[in-house]
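A short write-up of the structure that comes next.
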Amino acid sequence: GGGGGGGEGRQGKGLEVKGVKLEYEKDGWSRCLDADGKGFRWFLSQTSETRTRNSVSEKFQIGSYAVVRSMNYDGSGEVPGQSASSVMSHGATLDLRPAADVTASCMVPRPAHSEGRGPLYNQADIAKTVALNFSAKLDWFRAATLELRTPWEDEHTFLFVRRSHLIEDSLKSVMTLERSQLRNMWRFEFIGEPGIDAGGVAREWFQLVTEQLFHPDFGLWQYSSVNQMCMQINAASGYANPQHLTYFRFLGRVLGKALFDGQLVACHMIRHLYKHLLGWPLMFDDIEMIDDEVHRSIKQMIEYEGDIEDLCLDFTVTEDFMGESKVVDLVEGGEEKDVTNENLKLFVEESIKYRVCTRVQEQLRELLVGFYEVVPEALLLVFDFQELELVMCGMPEIEMDDWKRNTEYLGQYESKREEHWVCEWFWEVVDEFSEELKARLLQFVTGTSGVPAQGFAYLQGNDGNIRKFCINSISVETSLFPRAHTCFNRIDLPLYRTKQQLKDKLTLAVQMEATGFDID
């Protein structure tokens, strides 16, 4: 099971946290092998029920409500093979189910060219790999994709594109490929340009295509409301581009192929989309990065002491589609259904589902189907959502001097700034961090590992205004561990008494963020 390894980490004794990666324990959700040993499933440990009780409200356990996306393909559970003509027609459905009801298969089928019998990888291989550190997982993943790749001599694929019609030509080339050809080795040529693709042309193609598809002007994506380094799916993409679903399927294939081939993509997605790719639980707090105003107003509703009916709310949301207001029902007949103290729980649950999936369900479905056509879902189980972002986008290039120069200080740190003893220790510790830990610290505080091209001076907050990295003082009594506020790019750093204490607690906090120990 995935239960072990957490206890001593929470007290900060054993910093050897590599072994706890099998369990994701955000608000008590853990992952373990199911009874027949064929898949991973999520369960809510009883201890967490008491822990989450004080997180927002006594009214109901908002912390214990979680949904996981479930993909079904034509009733077969397999991404079907498809001819060019049926690229968009096969019936994949995407829905959200309670986290405890979803089992993720750990089987990676053996490709036709591989000798041997049975699956290429099974649950034992996955469970063993999950427990490794990040670089060892990455080595395993690279070896796995090599085994799945069609040998060059069996078949390979050439893609010819005009630079002036890059997206149009690339879409046509990639979407006419059979599913089996997505795991061929691809060679690219920009028509009319000399240049043998020894890897450099492929790298440029992935960079340019993802840059253009993610650009807000293209209409498929928009900036996250919380962090301008992250992109989220534009709910109105169909208005901007009638062919939007074909483009999302295409982008899914491109992102999957980039991961499969060890290429990097140009853009960071909002955090909950990496969770969707991995089939991880989505919860109330995931709304914050999508729309922090909605998150705040729902939180206020939950904490409201009076009769909720006084607020005159119904089961609808109002969306702005290309400047036009549109009322959307959260449940059937939502306009006729008032929110009451009795049905508030249902209202919050439906709001979570709507924000994390329903409003972009079609686009998300196509993105995921395209992605899994290249990368078997089970292979992804070895990563957590932060690791997946690092694998897809690469380690950020972090200039420590630039980071320090563009940091603001609050509370007891404000007057002495970086010369305050705790801040001095903080920067000494971060200087000694590996590239991976520096990236995880950024993810912990800002919600993404992305650094603006112009540097830390241009970090933006949720209102689009510059909001620099900020270190705020809190007492050790308030919290033993650093706390992050991604909306404000702020870390609350306790007034530690020793550098070692700071190092231990900071290292644990950033490493546990994805495994999610409730370290408050």
Side-chain angles (χ1 to χ4, degrees), residues 9-12 15 17 25-27 51-52 54-56 63 226-227 229 271 283-289 292 295-296 299 303 386 398 400 403-431 433 437-449 451 456 459-463 465-520:
R10 204 184 315 260
Q11 277 81 44
L15 281 179
V17 289
E25 213 213 49
K26 189 79 168 171
D27 291 323
R51 274 216 312 278
T52 57
N54 301 319
S55 63
V56 181
V226 170
N227 188 319
M229 285 303 298
R271 185 168 66 193
M283 282 161 285
F284 175 63
D285 282 344
D286 286 300
I287 296 180
E288 189 173 16
M289 286 203 72
D292 66 308
H295 182 263
R296 200 163 44 241
K299 206 168 172 175
E303 289 165 351
Q386 292 177 314
I398 295 172
M400 286 306 298
W403 191 353
K404 289 177 197 170
R405 210 171 33 247
N406 290 293
T407 292
E408 290 172 350
Y409 299 85
L410 288 173
Q412 294 194 30
Y413 302 147
E414 197 169 357
S415 56
K416 290 192 167 175
R417 298 176 57 80
E418 65 270 25
E419 287 174 5
H420 188 286
W421 82 87
V422 176
C423 298
E424 273 186 358
W425 290 339
F426 173 81
W427 290 116
E428 283 168 15
V429 166
V430 175
D431 263 329
F433 271 179
L437 274 183
K438 285 175 186 164
R440 280 185 181 268
L441 173 60
L442 267 184
Q443 288 173 319
F444 178 64
V445 180
T446 71
T448 174
S449 58
V451 181
F456 281 91
L459 267 191
Q460 288 179 314
N462 60 342
D463 47 11
N465 294 326
I466 300 296
R467 202 163 265 169
K468 293 184 178 177
F469 189 88
C470 177
I471 304 176
N472 175 46
S473 68
I474 54 171
S475 70
V476 177
E477 288 70 41
T478 307
S479 171
L480 192 53
F481 286 89
R483 293 192 306 212
H485 303 272
T486 48
C487 283
F488 307 107
N489 297 330
R490 187 178 93 218
I491 183 169
D492 289 347
L493 190 64
L495 288 148
Y496 293 117
R497 292 174 185 87
T498 67
K499 180 177 170 183
Q500 190 59 44
Q501 190 188 21
L502 182 149
K503 183 178 181 177
D504 291 352
K505 298 295 181 272
L506 181 66
T507 307
L508 257 175
V510 302
Q511 286 190 297
M512 290 299 189
E513 163 66 0
T515 38
F517 284 99
D518 184 6
I519 51 183
D520 279 358

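Because the structure is a prediction, the values reported are computed rather than measured. Numbers here are sequence positions counted from 1.
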Exercise. Within a strict 4.5 Å, meaning less than it, do heavy atoms of the Val422 and Ser473 side chains meet?
Worked result: no

Exercise. Do Arg440 and Gln511 have side-chain N/O donor and acceptor atoms under 3.5 Å apart?
Worked result: no

For this session: In sequence, state the C-alpha distance, the side-chain angles, and the governing distance for Tyr409 and Cys423, and then conclude on side chain to side chain contact (heavy atoms under 4.5 Å, CB included).
Result: CA-CA 9 Å; Tyr409 299 85; Cys423 298; 3.7 Å; yes

Problem set entry | Closest non-hydrogen atom pair, Phe444 against Pro482 | CZ-O, 3.6 Å

For this session: Would you check if the side chain of Tyr496 reaches a backbone N or O of Leu480 as a donor-acceptor pair within less than 3.5 Å?
Result: yes

For this session: Would you mind telling me which of Leu495, Ile471, Leu493 makes a side-chain contact (heavy atoms from CB on, under 4.5 Å) with His420?
Result: Leu495

For this session: Apply the side-chain contact (heavy atoms from CB on, under 4.5 Å) test between Leu441 and each candidate in Val430, Val429, Thr507; give the one that qualifies.
Result: Val430

Exercise. Do the side chains of Asn472 and Glu414 get nearer than 4.5 Å, heavy atoms only?
Worked result: no

Problem set entry | Side-chain heavy-atom pair Phe426, Glu418 within 4.5 angstrom cut-off | no

Problem set entry | Thr448 side chain reached by Leu442 side chain, heavy atoms, under 4.5 Å | no

Seminar exercise, completed: Smallest heavy-atom separation, Ser449 atom then Ala439 atom, equals CB-O, 4.2 Å

For this session: Over 60° means perpendicular and under 30° means parallel, so classify the ring planes of Trp403 and Trp427, tilted if in between.
Result: perpendicular

Problem set entry | Shortest non-hydrogen contact between Phe284 and Lys299, atoms and distance | CZ-N, 4.0 Å

Seminar exercise, completed: CZ of Arg490 to OG1 of Thr446, rounded to nearest 0.5 Å, is 14.5 Å

Exercise. Side-chain contact, heavy-atom cut-off 4.5 Å: Ile398 with Phe456?
Worked result: yes

For this session: State, yes or no, whether a side-chain contact exists between Phe481 and Pro494 at a heavy-atom distance under 4.5 Å.
Result: no

Exercise. Step by step, would you call Ile491 with Leu506 a side chain to side chain contact (heavy atoms under 4.5 Å, CB included)?
Worked result: CA-CA 10 Å; Ile491 183 169; Leu506 181 66; 4.0 Å; yes

Problem set entry | Over-ring placement of Lys438 relative to Phe433, 6.0 Å and 45° cut-offs | no

For this session: Output yes when a side-chain donor or acceptor of Gln443 lies under 3.5 Å from a complementary backbone atom of Gln386, and no otherwise.
Result: yes

Seminar exercise, completed: dist Glu424:CD -> Tyr413:OH (nearest 0.5 Å) comes out at 12.0 Å

For this session: Kindly indicate, with the supporting measurements, whether the criterion side chain to side chain contact (heavy atoms under 4.5 Å, CB included) is fulfilled by Val445 and His485.
Result: CA-CA 6 Å; Val445 180; His485 303 272; over 6 Å; no

Exercise. Out of curiosity, Met283 CE to Glu288 CD, how far, rounded to the nearest 0.5 Å?
Worked result: 13.0 Å

For this session: Taking atom CD of Glu477 as the centre, report whether more than 12 heavy atoms of other residues, nucleotides or ligands fall under 6.0 Å from it.
Result: yes

For this session: Mind checking the NZ-OG1 spacing from Lys468 to Thr407? Nearest 0.5 Å is all I need.
Result: 8.5 Å

Exercise. Going through the distances and angles, do Asp286 and His295 end up as a side chain to side chain contact (heavy atoms under 4.5 Å, CB included)?
Worked result: CA-CA 9 Å; Asp286 286 300; His295 182 263; over 6 Å; no

Problem set entry | Salt-bridge criterion met for Asp285 and Arg271 (N-O under 4.0 Å) | no

Exercise. If you round to the nearest 0.5 Å, how far is NZ of Lys404 from CZ of Arg417?
Worked result: 13.5 Å

Exercise. Could you state the interatomic distance from CG (Asp492) to OG (Ser479), rounded to the nearest 0.5 Å?
Worked result: 8.0 Å

Exercise. Would you say the side chain of Arg467 lies within less than 4.5 Å of the side chain of Phe488, judging by non-hydrogen atoms?
Worked result: yes

Exercise. When the ring planes of Trp425 and Trp421 are compared, do they come out parallel, tilted or perpendicular, using 30° and 60° as the limits?
Worked result: perpendicular

Exercise. Between Lys499 and Glu428, is the closest basic N to carboxylate O distance under 4.0 Å?
Worked result: yes

